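Input: a single structure, listed below in structure tokens.
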Protein chains: 2
Amino acid sequence: MNKFNEIYLDLEAAILNQRYKPGDLLPSENTLATTYNVSRETIRKALVLLLESGYIQKQQGKGSIVLDVKRFNFPVSGLTSYKEIQDTQHIKGKTILTKNERQLMPQHIIQQFNLPADTQVHYIERQRQVNGESVILDKDYLLTSIIPEMPDKEAENSLYNYIEHTLGLVIGYAQKEFTVEPITKEDKLLMDLQNDSHVVVVRSSVYLEDTRFFQYTESRHRLDKFRFVDFARRRTP
Amino acid sequence: MNKFNEIYLDLEAAILNQRYKPGDLLPSENTLATTYNVSRETIRKALVLLLESGYIQKQQGKGSIVLDVKRFNFPVSGLTSYKEIQDTQHIKGKTILTKNERQLMPQHIIQQFNLPADTQVHYIERQRQVNGESVILDKDYLLTSIIPEMPDKEAENSLYNYIEHTLGLVIGYAQKEFTVEPITKEDKLLMDLQNDSHVVVVRSSVYLEDTRFFQYTESRHRLDKFRFVDFARRRTP
DNA sequence: GAGTGGTCTAGACCACATA
DNA sequence: ATGTGGTCTAGACCACTCT
């Protein structure tokens with residue numbers, strides 16, 4: 001592991017353990033450099049990670065101020081799977097695999113990404129239940145050219161765990177789009193919608209680290225169960 | 001301006017102008033270092049900015065690959081004001097200032113942020129119109145202790161322009177929360193809702209660079225006009 | 001003036017991809 | 001073997017804050 005990553009994790013733990021409390025200043029970069037026995041630039045790389053995660057705010061001439069991270073509860077932003085969020089948030093839910101079959105990629109996605117017309121995918125459909133209610137419906141399209149097999153067990157457990165650990169692929173980045181759309185007959189069938197007329201739709205295109213497109217996902221959320229939290233830094237436009 | 005920022009803007013322009021096309025490799029870091037006459041670490045800082053903005057993907061041993069920046073997928077993520085989005089997207093809209101008055105910060109926000117009970121704010125309420133329809137309702141609470149005056153003209157134009165350029169304050173970061181909630185009587189009054197029962201609510205807490213809290217915003221969007229796009233990189237949880 | 005973070009350098013060694 | 005990006009260093013100078 002990198003030095004700066006180690007230091008980042010160490011400082012993160014110290015902040016989460018309240019060894020550094022909100023409003024406190026971290027030790028100066030020079031101090032940290034000597035205590036960790038690394039150069040100052042390495043410390044600065046660790047601090048950038050803390051900065052991006054919203055743990056600290058830096059001020060020239062002053063120091064690195066610890067922010068109140070408790071308020072930033074749900075880091076649902078970024079590229080994290082449902083299973084992973086569930087684990088880190090200690091939500092107990094249930095996933096029901098309703099479909100796992102090979103088919104051709106739907107036409108509109110073919111066009112959007114300029115894929116060959118005969119692109120084959122694993123189509124995976126899953127209901128996410130919380131307190132016995134189906135509140136999320138996930139539809140995943142995974143290229144069979146990159147992911148040859150998709151066992152039911154893995155689809156039910158964690159897709160990303162299977163892709164990264166079993167297959168050894170490295171996930172790189174994704175583009176996500178959030179909209180609110182009228183419900184379909186399928187939603188009505190597969191989700192426990194009360195009298196809702198709409199659902200939140202999150203569409204993601206996911207790429208490997210080598211820039212190969214490999215997954216398209218449509219995640220449909222019941223309105224009252226949808227919440228998205230983001231930490232943003234100002235960058236003058 | 002920094003060297004690495006200049007280089008970032010230069011490379012960004014080159015990508016947007018298609019001098020480097022999607023799939024192309026950027027010149028190597030060493031090449032860039034010599035052509036820009038800077039050290040390699042400086043080039044690397046510029047590349048980090050391109051990376052975070054989703055312009056490139058780096059691969060060890062290979063190079064920096066230019067990604068397909070779908071221009072219409074404008075990044076509404078981050079910390080950018082409505083006016084700024086409007087400008088960069090060339091949307092022609094109209095803002096109607098419906099309220100601009102001093103009052104006390106509402107009780108629930110006082111509690112949430114541990115503010116003094118008598119915290120005074122400018123309460124600003126604005127309708128955002130597109131094609132003559134009120135589709136967004138913005139409610140802003142700005143601490144008078146930090147922003148003493150709030151002229152109507154500035155409130156109607158751009159809050160952030162006024163805060164940053166006229167007052168010389170530096171905006172730092174924000175926490176945002178997206179939910180979908182039932183409409184209120186006020187929504188019904190101030191927005192052109194057809195038969196909608198819900199609106200998207202974006203609540204933001206905005207802080208200055210020196211970590212002072214100065215703004216709370218509630219932005220209410222008509223469902224069919226809401227769209228949020230995000231670029232995310234994988235960070236193993 | 002002393003201490004802080006912000007930028008930048010020139011060089012080193014490593015891990016990885018490609019030929 | 002060569003070239004690529006990834007990490008790390010030791011030092012320098014600058015801009016800023018605070019006393």
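In the text below, chain A, chain B and the rest are named by the order of the sequence lines, each starting its count at 1. Note that the structure is predicted; figures quoted are calculated from it, not measured.
- Salt-bridge annotation for A:Glu209 and B:Lys58: absent, with no side-chain N of the basic residue lying under 4.0 Å from a carboxylate O of the acidic one.
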In dot-bracket form, 5' to 3', how is DNA chain D paired? Count Watson-Crick and G-U wobble pairs only if both distances fall under 3.5 Å, and write | where the partner sits on another strand. ||||||||||||||||||.
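- Ring-plane geometry between B:Tyr141 and B:Tyr216 is classed as tilted, the angle between the planes lying from 30 to 60 degrees on a 0 to 90 degree scale.
- Judged as a side-chain hydrogen bond (donor to acceptor under 3.5 Å, both in side chains), and not counting sequence neighbours, the contacts of B:Thr217 are B:Asp140, B:Gln215.
- Side-chain contact annotation: A:Arg203 with A:Gln112, donor-acceptor N/O pair under 3.5 Å absent.
- The residues B:Glu125 and B:Lys139 are annotated as not salt-bridged, no charged nitrogen and carboxylate oxygen being separated by less than 4.0 angstrom.
- For the pair B:Met1 CE and D:dA15 P, the interatomic distance rounds to 16 Å; values are reported in whole Å.
- Within the structure, every side-chain polar atom (N or O) of B:Thr42 is placed at least 4.0 Å from both OP1 and OP2 of C:dT7.
- Across the protein-nucleic acid pair, A:Asn37 atom CG and D:dC8 atom P stand 13 Å apart, rounded to whole Å.
- Distance B:Ile43 CD1 to C:dT7 P: 15 Å, rounded to the nearest Å.
- Side chains of B:Tyr173 and B:Thr211: no donor on one and acceptor on the other come within 3.5 Å.
- Ring-centre distance between A:Tyr207 and A:Phe214: not below the 6.0 Å cut-off.
- Between B:Tyr36 atom OH and C:dC8 atom P the separation is 14 Å, expressed in whole Å.
- Look at B:Glu164 and A:Arg234 and you find a salt bridge, because one of the NZ, NE, NH1 or NH2 atoms lies within 4.0 Å of a carboxylate O, short of that distance.
- Straight-line distance from the CD1 atom of B:Ile56 to the C1' atom of D:dT4: 13 Å, rounded to whole Å.
- Atom NZ of A:Lys45 is separated from atom C1' of C:dC8 by 13 Å (rounded to the nearest Å).
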Tabulate protein N/O versus nucleotide N/O from nucleotides 4-6 of chain C, keeping only pairs under 3.5 Å, one per line.
{"from": "C:dT4", "atom 1": "O2", "to": "A:Gly61", "atom 2": "N", "distance (Å)": "3.4"}
{"from": "C:dG5", "atom 1": "OP2", "to": "A:Glu29", "atom 2": "N", "distance (Å)": "2.7"}
{"from": "C:dG5", "atom 1": "N2", "to": "A:Gln60", "atom 2": "NE2", "distance (Å)": "3.1"}
{"from": "C:dG6", "atom 1": "OP2", "to": "A:Arg44", "atom 2": "NH1", "distance (Å)": "2.7"}
{"from": "C:dG6", "atom 1": "OP2", "to": "A:Arg44", "atom 2": "NH2", "distance (Å)": "3.4"}
{"from": "C:dG6", "atom 1": "OP2", "to": "A:Lys58", "atom 2": "NZ", "distance (Å)": "3.0"}
{"from": "C:dG6", "atom 1": "O4'", "to": "A:Gln60", "atom 2": "NE2", "distance (Å)": "3.3"}
{"from": "C:dG6", "atom 1": "N7", "to": "A:Arg40", "atom 2": "NH2", "distance (Å)": "2.6"}
{"from": "C:dG6", "atom 1": "O6", "to": "A:Arg40", "atom 2": "NH1", "distance (Å)": "3.2"}

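- A straight line from CD of B:Glu209 to C1' of D:dC16 spans 11 Å, rounded to a whole angstrom.
- We find that CG of B:Leu32 is positioned 12 Å from C1' of D:dT4, with the value rounded to whole Å.
- Taking 4.0 Å as the cut-off between side-chain N and carboxylate O, B:Glu149 and B:Arg102 count as a salt-bridged pair.
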